[in-house]
**Q** 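Quick one: the structure is below, questions incoming.
Note on naming: letters A, B, ... go to the chains in the order of the sequence lines (proteins, then strands), and numbering restarts at 1 for each one. These numbers were taken from a predicted model, which means no experiment stands behind them.
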Amino acid sequence: MSILISPETKILVQGITGDFGGRHAKLSLDYGTKVVAGVTPGKGGQFFEHKEHRVPIFNSVADAVKATGATVSVVFVPPPFAGDAILEGVDAGLELVVAITEGIPVKDMVRVKRTMQGSKTRLVGPNCPGVVTPGTGKDSFGGCRIGIAPGYIHKKGHVGVVSRSGTLTYEAVFQLTSKNIGQSTCVGIGGDPVNGTSHLDVIKMFNDDPETHGIILIGEIGGNAEVEAARWIKANVKKPVAGFIAGATAPAGRRMGHAGAIVGGAEDTAEAKIAVFKECGIEVAITPSDMADALLRSAKAKGVKLS
Amino acid sequence: MNIHEYQAKALFEKFGVPVPKGAAAKSAAELDTALAQLPEGPTMVKSQIHAGGRGKGTFTNGFKGGVKFCKTKAEAKDIAGKMLGNTLVTVQTGAAGRKVQTIYFTVASDIKKEYYLAILLDRATSRPVIVASTEGGVEIEKVAHETPEKLFKIFVDPAYGLADFQVRELIFKLGFAGSEAKNAAKLIRTLYNAYWESDAAMIEVNPLISTPTGEILALDAKVSFDDNALFRHPEIVALRDLNEEDPKEIEASKFSLSYIALDGNIACLVNGAGLAMSTMDIIKHFGGSPANFLDVGGGASKDQVVAAFKIILGDPNVKGIFVNIFGGIMDCNVIATGIVEAVKEVGLKLPLVVRLEGNNVAAGKATLASSGLALVSGDTMADAAQKIVKLVAA
């Protein structure tokens, strides 16, 4: 099992005819992911061709869903139009929308998030690397890869990874795979201050997933999402959890690349978050090179087998 | 993006937010024309830089105070002459200070009481929050810490916008009545409109004041904007003052590089914001000191790497370079070739440690090894960080 997506999940790509969306749609097809439709307004009726694949393109998400039964969308639409693209997926009744687009105005996301209240659609992102559920084939192929993560670094297994950052997620996954420890699902929730799915949402899903035996939680300075997740873990999670917080050396008031990575007050520094992690029984990775080892330490202490 | 106080006040006036009458001057010749727009009488002289603590700052020429009260316009002109063109050092500027290139004169208002008002995003609720306090003109962090009961918050539902009952709630809590209440309501409404319509990241008015005649005015104004939304506000982009930004950061933005200068001596070149932050952290962890944050993005093309090296080497404090790349989709060999070409082009003489991992990494490492360059390879982030710290310390 896995969370959010499985190798059987049918996905559609919003912005499949763009350079970025097209490139990653091809990589997902190569990975064995069921990319069943593309959406580009005005290009309905055309096909997205890659090797033996011939993916139909539709004018709207609703049309694509009706024709193909896709339940999940990935959004590569440029920032000025991305909020609208997300809402189109919500309107079409999708289960999950994963927004990769970086640079969406905060006000657009504030409105999108408010509009989504009460809908059945879950949003992951924006400004995120996406979600990967590894498959059983060579280099984890045959899995479901939504977004821009390198598929081949994964390995099917029992560790859940959740992170705001793309490259830090890959770093953690690579360390795990190098130690022959596989992953159930890896979720990049994105680096923006307003996003759909939080650390805590993903932690709850991992906790409920019987196939996930351990969790790596990667956070950053700014906001209190990691703290919220850590307190819930302390009260509810028996599985081993390792945590890492990036940005210990970031100066206050300077935005560190991600729109959300900025120290505003005393509570959202790396130091404060790490202190809460320790207090909540999360094994803290001292450096980013230590993420997989930290989880192994926690698993050993709890007598849990990860592989 | 940040703007100056005089620009923020102009934005406020556009949205109908009451401010004291003011005028800006950018040169000695403009001082008279600016002052001519104000009535004779008590006048404030305010240095315009993008940093707080101006009032308590000191100029490098010894003159004290970047914000001054003057009894007459003649005195204001004299004081402005001492500020304009000189460098002001405040708690927020660092030791180098900032050169004052604009002076803002305002009518000095009679103050009955000072308040605090700010509008920003509340991340926990994903809604705009209005923060207000009866304690104005002081550090709001101090109020929040010592007397949190004097801090009031209103969360605005973006579907409806700021509701009347919320404005009333705020006004009662701040203790306004009569004409003050009416004027305060107008200011809160118009200020919220300014925040929402201009895609501001934060608007802070400290102090907001009441006057003996019942007026409510924004005495100071600090406004920053959401960079992601600037594409729909060319009129705001036009307010950008490049003099207030680090030239290296401006250069970096031309190549889609995200660069922030720090005060250490180990330069970092990394792909991805999270990895770039933690690269700085790991240098510190092993006893070194990072010179910058630099995210070259997911692609890391040769042109970007060359530009990144040039920017890094423009910092005279840099004694060594740490390149940390996780090539997920990108071929590591392409990145390695880019690094080799970049290093040859800029003629690097400092120690360089490269940690490369990911797609086709063996070929990438071979390219680095056979380049003839005096670079050191690191296997993991920890290994590479320890190597560069040692090389720089030697």
**Q** State, without any angle test, whether A:Ser28 and A:Thr33 hold a side-chain donor-acceptor pair at a distance under 3.5 Å.
**A** no
**Q** Measuring from atom NZ of B:Lys222 to atom NE2 of B:His50, what distance do you get when rounded to the nearest 0.5 angstrom?
**A** 11.0 Å
**Q** Identify which part of A:Glu228 has an atom lying under 4.5 Å from any heavy atom of chain B, answering side chain, backbone, both or neither.
**A** neither
**Q** Other residues, nucleotides and ligands only: do more than 12 of their heavy atoms fall within 6.0 Å of CZ on A:Phe81?
**A** no
**Q** Which of the residues B:Ala229, B:Pro158, B:Ser126 is involved in the greatest number of heavy-atom pairs with chain A at under 4.5 angstrom?
**A** B:Ser126
**Q** Can you tell which part of B:Ala276 gets under 4.5 Å to a heavy atom of chain A, answering side chain, backbone, both or neither?
**A** neither
**Q** So what's closer than 4.5 Å to chain A heavy atoms on B:Ser258: side chain, backbone, both or neither?
**A** side chain
**Q** For the interface with chain B, which of A:Thr115, A:Ile245, A:Asp290, A:Asp108 has the highest count of heavy-atom pairs at distances below 4.5 Å?
**A** A:Asp108
**Q** For B:Leu262, is it the side chain, the backbone, both, or neither that has a heavy atom closer than 4.5 Å to a heavy atom of chain A?
**A** side chain
**Q** When heavy-atom pairs shorter than 4.5 Å are enumerated against chain A, which of B:Phe231, B:Tyr259, B:Trp196, B:Phe286 gives the highest number?
**A** B:Trp196
**Q** For the interface with chain A, which of B:Thr125, B:Asp157, B:Leu294 has the highest count of heavy-atom pairs at distances below 4.5 Å?
**A** B:Asp157
**Q** Measuring heavy-atom distances to chain A, does B:Asn359 have an atom under 4.5 Å in its side chain, in its backbone, in both, or in neither?
**A** both
**Q** Where does B:Asp281 contact chain A at under 4.5 Å (heavy atoms): side chain, backbone, both or neither?
**A** both
**Q** Go through B:Lys284, B:His145, B:Glu357 and name the one with the most non-hydrogen pairs under 4.5 angstrom from chain A.
**A** B:Glu357
**Q** For B:Gln92, is it the side chain, the backbone, both, or neither that has a heavy atom closer than 4.5 Å to a heavy atom of chain A?
**A** neither
